[in-house]
2 protein chains.
Amino acid sequence: MSIEQDIQQKAFKSPYTKAVVNIMYTNNWLCSLQSDLLKRYDVTLQQYNVLRILRGQHPNPITVCGIIERMLDKMSNASRLVDKLILKDLVIRKECPHDRRQVDVIITDKGLDLLAELDNQQSEWEAALHKLTPEEALTLSHLLDKLRGSAE
Amino acid sequence: MSIEQDIQQKAFKSPYTKAVVNIMYTNNWLCSLQSDLLKRYDVTLQQYNVLRILRGQHPNPITVCGIIERMLDKMSNASRLVDKLILKDLVIRKECPHDRRQVDVIITDKGLDLLAELDNQQSEWEAALHKLTPEEALTLSHLLDKLRGSAE
DNA sequence: GCAAATTTAATGTAAAAACATTTGATGTCA
DNA sequence: TGACATCAAATGTTTTTACATTAAATTTGC
């Protein structure tokens with residue numbers, strides 16, 4: 001069923017309003033799916049995102065500022081998020097040699113192992129997305145870029 | 001710039017992963033925009049969504065359960081959200097005649113006025129979305145429905 | 001070189017969310 | 001009817017988020 005039925009709304013004011021509501025609704029749908037999966041590994045969605053950013057840099061370190069820049073939702077407590085990951089031995093903090101204000105963060109082997117494990121699980125839920133063809137998925141991305149005014 | 005540049009990622013594993021990340025990124029972009037607007041009126045995004053649900057029913061009441069069903073992100077504390085709205089005189093609680101477990105919630109005139117005011121403001125930020133044509137906005141919605149397996 | 005401004009990360013605090021439990025009301029069925 | 005399951009809403013508790021402030025290091029301009 002379509003978005004109107006999902007949230008039991010009769011009609012939307014404009015195709016734009018409808019698209020916006022649909023993005024938010026779909027986002028929540030995706031987050032729920034993914035959180036359920038991550039919960040089994042005792043990682044939150046935010047922690048998972050930070051881990052993926054760190055893996056993207058590995059074996060290079062990245063500063064807390066760098067993490068915030070790359071995060072999907074910029075928030076101020078990346079610092080505390082790193083704290084949580086350190087408690088689980090998934091990352092380590094290292095002092096930054098050339099600027100002592102900054103703090104380098106690096107993913108540990110344990111963190112990489114966890115991500116590898118999660119990659120496998122991901123295929124399980126990614127299969128749920130294959131109701132779109134690869135071309136449609138790209139079109140979707142392109143439209144979102146354009147919506148944000150980020151299209152080239 | 002496209003999503004890759006926005007979050008400084010080189011490439012995505014698949015068009016599906018890219019679409020999912022883009023949905024989440026765009027959702028955050030939209031929420032920030034909208035929250036900034038709502039903040040001036042001392043309403044949160046969640047409270048705003050509940051108010052719109054209530055307006056959709058007006059002049060009929062709706063139960064707390066009904067609100068949760070229609071919310072974009074189902075959470076358990078719709079009850080407390082209603083509390084907040086009552087404090088601001090935007091809604092009222094009424095006992096439900098035929099089932100004393102349930103509680104009817106109705107939007108007040110003050111609530112309707114606030115929404116009307118916000119509707120005007122909305123056009124301001126909706127203009128930001130007109131980089132898409134109406135047809136593209138509909139295509140976007142359709143692809144999202146299909147992604148969730150909700151296409152007809 | 002030094003004071004002021006800026007940057008980086010951490011921390012304090014209040015509000016909100018997530019999750020479980022409780023309370024009261026209704027439905028079910030022997 | 002009465003025990004038991006179910007349901008609706010509220011409440012308790014812990015964790016997370018949002019927002020502001022602080023502390024230390026670096027940069028800038030004079």
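Throughout, a chain's letter reflects where its sequence line sits, starting with A, and its residues are numbered from 1.
What separates CZ of A:Arg93 from C1' of C:dA9 is a distance of 9 Å, to the nearest Å. The CG-C1' distance, from A:Asn28 to C:dA17, rounds to 13 Å in whole Å. Note: NZ (A:Lys39) to C1' (C:dC19) measures 9 Å, nearest angstrom. Between the NZ atom of A:Lys84 and the P atom of C:dT11 there is a distance of 13 Å, given to the nearest Å. Protein atom CG of A:Leu81 is 19 Å distant from nucleotide atom P of C:dT8, rounded to whole Å. Distance B:Asp36 CG to D:dC19 C1': 13 Å, rounded to the nearest Å. Spacing between atom CG of B:Leu45 and atom C1' of C:dA15 amounts to 15 Å, rounded to whole angstrom units. Here D:dA8 presents its C1' atom at 14 Å from CD1 of B:Ile62, a figure rounded to the nearest Å.
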Full working for salt bridge (charged side-chain N to carboxylate O under 4.0 Å, His left out) between B:Lys39 and B:Asp36: CA-CA 5 Å; B:Lys39 213 167 293 169; B:Asp36 287 349; 3.7 Å; yes
N/O-N/O pairs, protein side and nucleotides 22-26 of chain C side, under 3.5 Å:
unit_1, atom_1, unit_2, atom_2, d
C:dT26, OP1, B:Arg100, N, 3.2

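Pairs engaging residues 46-68 of chain A under the salt bridge (Lys or Arg N to Asp or Glu O under 4.0 Å) rule: A:Arg55-A:Asp119 [sequence neighbours left out].
More than 12 non-hydrogen atoms from other residues, nucleotides or ligands lie less than 6.0 angstrom from NZ of B:Lys131.
The pair B:Asp83-B:Arg80 does not count as a salt bridge, with every side-chain nitrogen at least 4.0 angstrom from each carboxylate oxygen. B:Lys146 has a carboxylate O that lies under 4.0 Å from a charged side-chain N of A:Glu136, or vice versa, which qualifies the two as a salt bridge. The pair B:Arg148-B:Asp145 meets the salt-bridge criterion, since a charged nitrogen lies less than 4.0 angstrom from a carboxylate oxygen.
Residues forming a side-chain contact (heavy atoms from CB on, under 4.5 Å) with B:Val103 (at least two apart in sequence, or on another chain): B:Arg93.
Among the nucleotides D:dT11, C:dG12, C:dT8, the one closest to any side-chain atom of B:Arg80 is D:dT11. Candidate nucleotides D:dA8, D:dC19, C:dA10 were compared by shortest atom distance to the side chain of B:Gln102, and D:dA8 ranks first. For B:Asn77, the side-chain atoms get nearest to C:dA17 when compared with the rest of C:dA17, D:dA9, C:dT8.
Summary of the strand contacts: B:Thr63 and A:Thr44 both lie near DNA chain D, and taking for each the nucleotide with the nearest heavy atom, the more 5' one is attributed to B:Thr63.
Look at B:Ser79 and you'll find a side-chain N or O under 4.0 angstrom from OP1 or OP2 of D:dA10.
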